[in-house]
Amino acid sequence: MSEKPIISVQNLTKSYSADITSGVRDINLSIPEGKIISIVGESGSGKSTLMKLIYGLLAPDSGSVYYQEKKVLGPHEKLLPGHESMKMVTQDFNLNIYAKVYENISSMLPNTDLKAKREETEEMMEFLKIDHLANKRITELSGGEQQRVAIARAIITEPKVLLMDEPFSQVDALLKNELRTDIERLSKYLGITVIIVSHDPTDGLSLANEVVILRKARLQETGSPVDLYNNPKHLYTAQLLANCNILSRSEAGMLGLNVQKSEIALYPEWIKIGEGDTGPFTVKGTVFKGFYEELILEKNDVSIRALNVSPGTYQKDDEVSVSFNRFLEFDS
Ligand code: ADP
Ligand code: MG
């Protein structure tokens with residue numbers, strides 16, 4: 001990242017208790033302007049804490065957050081907590097549930113120019129495709145619609161940075177694609193830097209320019225989705241992103257792999273079935289996944305999952321030969 005970051009996080013630490021895995025610990029991070037950043041980690045890894053520290057809702061124990069090279073003030077250092085150039089959409093949306101959609105959004109703007117206020121609210125509702133809901137009350141909306149109102153409310157004040165805590169856990173599978181498209185549009189057309197927090201990496205992988213992996217309060221690694229997926233520096237990253245097979249060196253040896261380090265990650269799509277000489281493997285079962293299936297293969301009591309894009313080709317107890325395109329080795 002050569003461009004000047006819009007946000008820079010330096011040696012940031014915040015703990016809630018003596019437990020060193022509570023909060024976040026010694027985080028360093030630069031966030032480039034206009035990009036979509038996805039912060040990924042298991043539940044309890046410190047994602048929400050990091051987001052609140054970036055926004056200024058929490059004060060760090062040590063270290064700092066800088067917004068365009070100026071220190072972000074904590075909640076006790078200013079009248080209204082939260083940085084004025086950022087907005088956060090939380091999991092509870094924070095809407096006025098008795099008011100109408102229109103009022104929820106327009107109330108974010110001052111009354112100095114009523115015509116502009118109306119026009120901007122209408123524009124924002126159109127942008128997020130909720131203009132037909134203008135006169136509905138929040139209680140009459142679905143979760144996905146409420147989320148759009150919350151996003152509209154956040155971005156109508158033209159923040160430079162939008163923070164979203166677990167936005168994908170609020171919508172069902174069908175709406176996830178729409179939410180992805182919305183986030184892409186507001187990044188592209190409004191130039192907003194978007195920081196998304198998610199416990200499920202697959203939600204952000206196709207969307208993010210940069211992925212940040214948190215593990216037990218610490219930053220594990222950062223990179224583009226493609227780099228992190230294909231060349232993770234840590235086994236944990238591979239596990240989190242790729243749903244891969246993890247084998248010890250001796251298990252790998254049982255499969256005929258020559259491994260130097262103590263653990264290996266073998267992605268299901270790196271296993272080629274029906275070719276090669278590392279055989280025979282026995283097909284122990286198939287797991288239907290729709291347009292593909294997972295084959296459970298076993299050799300010398302070691303079992304692995306392989307991707308098969310032509311479901312139905314193999315039956316249980318078939319013997320197949322296998323080759324490995326690639327595998328990753330890690331020191332534990
Ligand atoms: P995530 O958003 O990744 O699920 P959080 O940032 O909410 O994680 O929490 C990180 C860790 O800090 C967890 O172990 C959690 O229990 C702890 N924690 C978070 N908020 C508080 C709090 N207000 N008081 C005490 N512990 C907290
Ligand atoms: Mg959280």
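Note that ligands are numbered from 1 as they come in the structure, with each ligand's atoms numbered from 1 the same way.
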Looking at atom 13 (C) of ligand 1, is any protein heavy atom nearer than 4.0 Å to it?
yes
Honestly, for Glu42 the part within reach of ligand 1 (heavy atoms, under 4.0 Å) is backbone
Near Gly23 (heavy-atom distance under 4.0 Å), the atoms of ligand 1 are 10 (C), 11 (C), 12 (O)
In terms of its nearest heavy atom to atom 6 (O) of ligand 1, the top option of Thr49, Val40, Asp19 is Thr49
Of the backbone and side-chain N, O or S atoms of Ser48, does one lie nearer to the Mg ion (ligand 2) than 2.8 Å? yes
inquiry  = Using the rule given for salt bridge (charged side-chain N to carboxylate O under 4.0 Å, His left out), can you reason through Arg118 versus Glu123, listing the C-alpha separation, both sets of side-chain angles and the distance that settles it, and then say yes or no?
reply    = CA-CA 9 Å; Arg118 197 181 64 241; Glu123 243 172 64; over 6 Å; no
Ligand 1 to Ser48, heavy atom cutoff 4.0 Å, flagged ligand atoms 1 (P), 2 (O), 6 (O), 7 (O)
Residue, atom and distance of the protein heavy atom nearest atom 4 (O) of ligand 1 read Gly44 N, 2.7 Å
Ser22 heavy atoms within 4.0 Å reach ligand 1 at atoms 11 (C), 12 (O)
**Prompt:** Between Glu122 (side chain) and Glu119 (backbone), is there a donor-acceptor pair under 3.5 Å?
**Reply:** no
Ranking Gly46, Ala217, Ser198 by closest non-hydrogen atom to atom 8 (O) of ligand 1, top hit is Gly46
Worksheet item: Is the charged tip of Arg185 near the ring of Phe127: under 6.0 Å from the six-membered ring centre and within 45° of its axis?
Response: yes
When every non-hydrogen atom of Leu219 is compared with those of Asn28, the smallest separation belongs to CD1-O, 3.3 Å
Query - Under-4.0 Å salt bridge between Lys78 and Glu84 - result: yes
Measuring centre to centre across the rings, with the benzene-like ring taken for any Trp, is Tyr55 within less than 6.0 Å of His83? no
Phe327 and Tyr267: ring pair (Phe, Tyr, Trp, His ring centres under 6.0 Å), yes or no, with the steps? CA-CA 7 Å; Phe327 58 88; Tyr267 291 13; over 10 Å; no
Atoms of ligand 1 under 4.0 Å from any heavy atom of Ser45, numbered from 1 in the order shown, are 3 (O), 8 (O)
So for Gly41, does at least one of its heavy atoms come nearer than 4.0 angstrom to any atom of ligand 1?
no
Check your understanding: For Lys71, does the NZ atom sit with more than 12 other heavy atoms under 6.0 Å from it, leaving out its own atoms?
Key -> no
protein heavy-atom neighbour closest to atom 22 (C) of ligand 1 works out as Tyr16 CD2, 3.3 Å
